[in-house]
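Working notes, structure below.
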Amino acid sequence: MLIATFNINGTNARLPRLLEWLEEARPDIACLQEIKTMTENFPVETLREAGYHCLVHGQKGFNGVAILSREPATEVQRGLPGDETDEQSRYLEAEVMGVRVASIYLPNGNPQPGPKFDYKLAWMERLRAHAAGLLEAGLPVVLAGDYNVIPNDDDIWDASAMRDDALRQPQSVAAYRQLLWQGWTDAVRQLHPVGGIWSFWDYQAGGWQRDHGFRIDHLLLSPAAADRLQDAGVMKDVRGKEKASDHAPAWVRLR
């Protein structure tokens with residue numbers, strides 16, 4: 001089973017690239033982030049013709065997550081629990097092919113300090129609380145998405161480059177590690193422990209051309225899913241396509 005996470009950076013703008021990637025990679029499950037469209041405007045019919053069922057939690061112009069699957073999925077949770085006033089579309093959870101999968105678009109948090117960074121940390125605490133319940137259920141779970149956290153110095157081309165950014169603040173990294181300490185396995189890190197693998201290259205300052213990237217797209221596995229781990233990585237070549245997203249898909253293969 002191939003499960004991938006891909007921040008598409010606008011479904012309408014990248015639909016040809018998305019269809020191309022689905023045809024080439026053939027993921028069984030694809031978790032998308034930053035679809036940047038309302039649920040009713042998501043290209044469900046086009047993707048169905050490409051062989052994928054769709055669950056969508058959209059938002060006009062910003063954010064938005066989706067789960068594409070080769071077999072029908074059953075929605076379990078729309079929106080992250082813990083704050084009824086939160087209207088941002090950043091979390092979607094489903095049962096599909098015997099696995100519980102969540103598509104996650106964690107807040108960026110910039111500029112920091114400030115309310116956006118506070119929202120990021122509060123959102124991570126809500127995610128930690130919800131993830132604890134998923135672990136207690138003992139299910140095979142994959143929490144896949146753009147976490148907007150660079151966990152380690154070797155997850156970025158230059159450890160000092162993002163020192164003042166919300167993605168590398170000690171509070172952000174600590175919140176991510178607290179999530180891992182619950183018992184989750186960072187699939188890409190598990191199989192590539194020395195780092196040096198990026199999933200994002202900024203459009204600015206020749207980030208892609210200079211390979212100035214970092215890893216912020218993660219797939220966290222519950223113990224029941226980690227027991228089935230075969231392989232994991234990043235499809236770097238996707239970032240080099242014409243009019244590509246600034247992210248490349250990260251993926252995991254489970255037995």
Original post:
Taking it one step at a time, do Leu134 and Glu93 satisfy side chain to side chain contact (heavy atoms under 4.5 Å, CB included)?
Top reply: CA-CA 11 Å; Leu134 293 174; Glu93 183 182 321; 3.5 Å; yes
**OP:** Please test Leu18 against Leu47 for side chain to side chain contact (heavy atoms under 4.5 Å, CB included), starting from the C-alpha separation and ending with a verdict.
**Re:** CA-CA 9 Å; Leu18 175 59; Leu47 290 165; 4.1 Å; yes
Original post:
Can you check side chain to side chain contact (heavy atoms under 4.5 Å, CB included) on Leu220 and Leu180, steps first, answer last?
Top reply: CA-CA 8 Å; Leu220 303 190; Leu180 294 182; 3.8 Å; yes
Original post:
Could you go step by step and tell me if Asn110 and Asn108 meet the side chain to side chain donor-acceptor pair (under 3.5 Å) rule?
Top reply: CA-CA 6 Å; Asn110 284 303; Asn108 177 283; 2.8 Å; yes
**OP:** For the pair Asp211 and Lys236, evaluate salt bridge (Lys or Arg N to Asp or Glu O under 4.0 Å) and give the outcome as yes or no after the intermediate values.
**Re:** CA-CA 11 Å; Asp211 198 28; Lys236 181 178 179 179; 3.4 Å; yes
**OP:** Go through the steps for His212 and Asp158 under the test side chain to side chain contact (heavy atoms under 4.5 Å, CB included), then give the verdict.
**Re:** CA-CA 8 Å; His212 285 184; Asp158 181 349; over 6 Å; no
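The ring pair (Phe, Tyr, Trp, His ring centres under 6.0 Å) contacts involving residues 38-73 comprise nothing, where partners must be two or more places apart or lie in separate chains. Applying the side chain to side chain donor-acceptor pair (under 3.5 Å) definition to pairs two or more places apart or across chains, those involving residues 132-148 are Asn7-Asp146. Sorted by first and then second residue, the side chain to side chain donor-acceptor pair (under 3.5 Å) pairs with a member in residues 171-181 read Tyr176-Asp186; sequence neighbours excluded. Residues in residues 80-92 take part in these salt bridge (charged side-chain N to carboxylate O under 4.0 Å, His left out) pairs, two or more places apart or across chains: Asp86-Arg126.
When side chains are defined from C-beta on, Arg168 counts as touching Val173, because their heavy atoms get closer than 4.5 Å. Using a 4.5 Å heavy-atom threshold, the side chains of Met124 and Leu106 count as touching.
Atom-to-atom distance recorded for Met97:CE and Leu254:CG is 10.0 Å, nearest 0.5 angstrom. With rounding to the nearest 0.5 angstrom, the CG atom of Leu127 is 5.0 Å from the CG atom of Leu179. Expressed to the nearest 0.5 Å, how far CH2 of Trp201 lies from OG of Ser245 amounts to 10.0 Å. One finds the CG atom of Leu191 at 9.0 Å from the CD1 atom of Ile197 (value rounded to the nearest 0.5 Å). Note that CD1 of Ile29 is 11.5 Å distant from OG of Ser103, once rounded to the nearest 0.5 Å. The structure places CD1 of Ile8 at 6.5 Å from CG of Leu32, a figure rounded to the nearest 0.5 Å.
Residues that satisfy the side chain to side chain donor-acceptor pair (under 3.5 Å) test with Trp123, not counting sequence neighbours, are absent from this structure. Residues passing the side chain to side chain donor-acceptor pair (under 3.5 Å) test with Arg17, sequence neighbours excluded: Glu20. The side chain to side chain donor-acceptor pair (under 3.5 Å) search around Glu45 returns Arg48, not counting sequence neighbours. Remark: Trp21 pairs with Phe6 by the ring-ring contact (aromatic ring centres under 6.0 Å, His included) rule, at least two apart or across chains. Residues satisfying the ring-ring contact (aromatic ring centres under 6.0 Å, His included) criterion with Tyr91, sequence neighbours excluded, are His130. Not counting sequence neighbours, the partners of Glu125 by the side chain to side chain donor-acceptor pair (under 3.5 Å) test are Arg128.
Clustering ILVMFWY residues whenever any of their side-chain heavy atoms sit less than 4.5 angstrom apart, transitively, puts Val101 in a cluster other than the one holding Leu139. The hydrophobic cluster containing Trp184 does not contain Val142, counting ILVMFWY residues as joined when their side-chain heavy atoms lie under 4.5 angstrom apart, directly or transitively. Cluster membership for Trp198 and Ile150, using ILVMFWY side-chain heavy atoms within less than 4.5 angstrom, is shared. Leu92 is connected to Tyr105 through a chain of hydrophobic side-chain contacts under 4.5 Å among Ile, Leu, Val, Met, Phe, Trp and Tyr, so both are in one cluster. Under a hydrophobic-cluster definition in which Ile, Leu, Val, Met, Phe, Trp and Tyr are linked whenever side-chain heavy atoms come within less than 4.5 Å, directly or via other members, Val65 and Leu55 are assigned to the same cluster.
Between the side chain of Ser199 and the backbone N or O of His247 there is no donor-acceptor pair closer than 3.5 Å. Under the 3.5 Å distance criterion, the side-chain polar atoms of Thr185 are left unmatched by any main-chain donor or acceptor of Ala187. Remark: side-chain polar atoms of Asn41 are not paired, donor with acceptor, to backbone N or O of Met38 under 3.5 angstrom. Between the Arg78 side chain and the Val56 main chain, a donor and an acceptor come within less than 3.5 Å of each other.
When hydrophobic residues (I, L, V, M, F, W, Y) are linked wherever their side-chain heavy atoms come within less than 4.5 Å, the members clustered with Phe117 are Leu121.
When all heavy atoms of Arg239 and Ala244 are compared, the pair lying nearest together is O-CB, 3.4 Å. Closest approach of Gln112 to Asp164, counting heavy atoms only: NE2-O, 2.9 Å. Among all heavy-atom pairs drawn from Pro151 and Val149, the shortest one is CD-O, 3.3 Å. Summarising the geometry of Thr5 relative to Gly145, their closest heavy-atom pair is OG1-CA, 3.1 Å, with the distance given to 0.1 Å. Contact record, Pro140 with Gly98: CG-O, 3.5 Å, taken as the closest heavy-atom pair. The shortest heavy-atom contact between Gly58 and Ser89 is O-OG, 2.9 Å.
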N/O donor to acceptor pairs below 3.5 angstrom from side-chain atoms of residues 226-235, sequence neighbours left out:
unit_1, atom_1, unit_2, atom_2, d
Arg228, NE, Arg255, O, 2.8
Arg228, NH2, Arg255, O, 2.9

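Electrostatic pairing of Asp28 and Arg253 does not count as a salt bridge here, judged by no charged N lying under 4.0 Å from a carboxylate O. At a threshold of 4.0 Å, the pair Asp154-Arg189 counts as salt-bridged, since one of the basic side-chain nitrogens sits closer than that to a carboxylate oxygen.
Within 6.0 Å of the CD atom in Glu40, the count of heavy atoms belonging to other residues, nucleotides or ligands exceeds 12.
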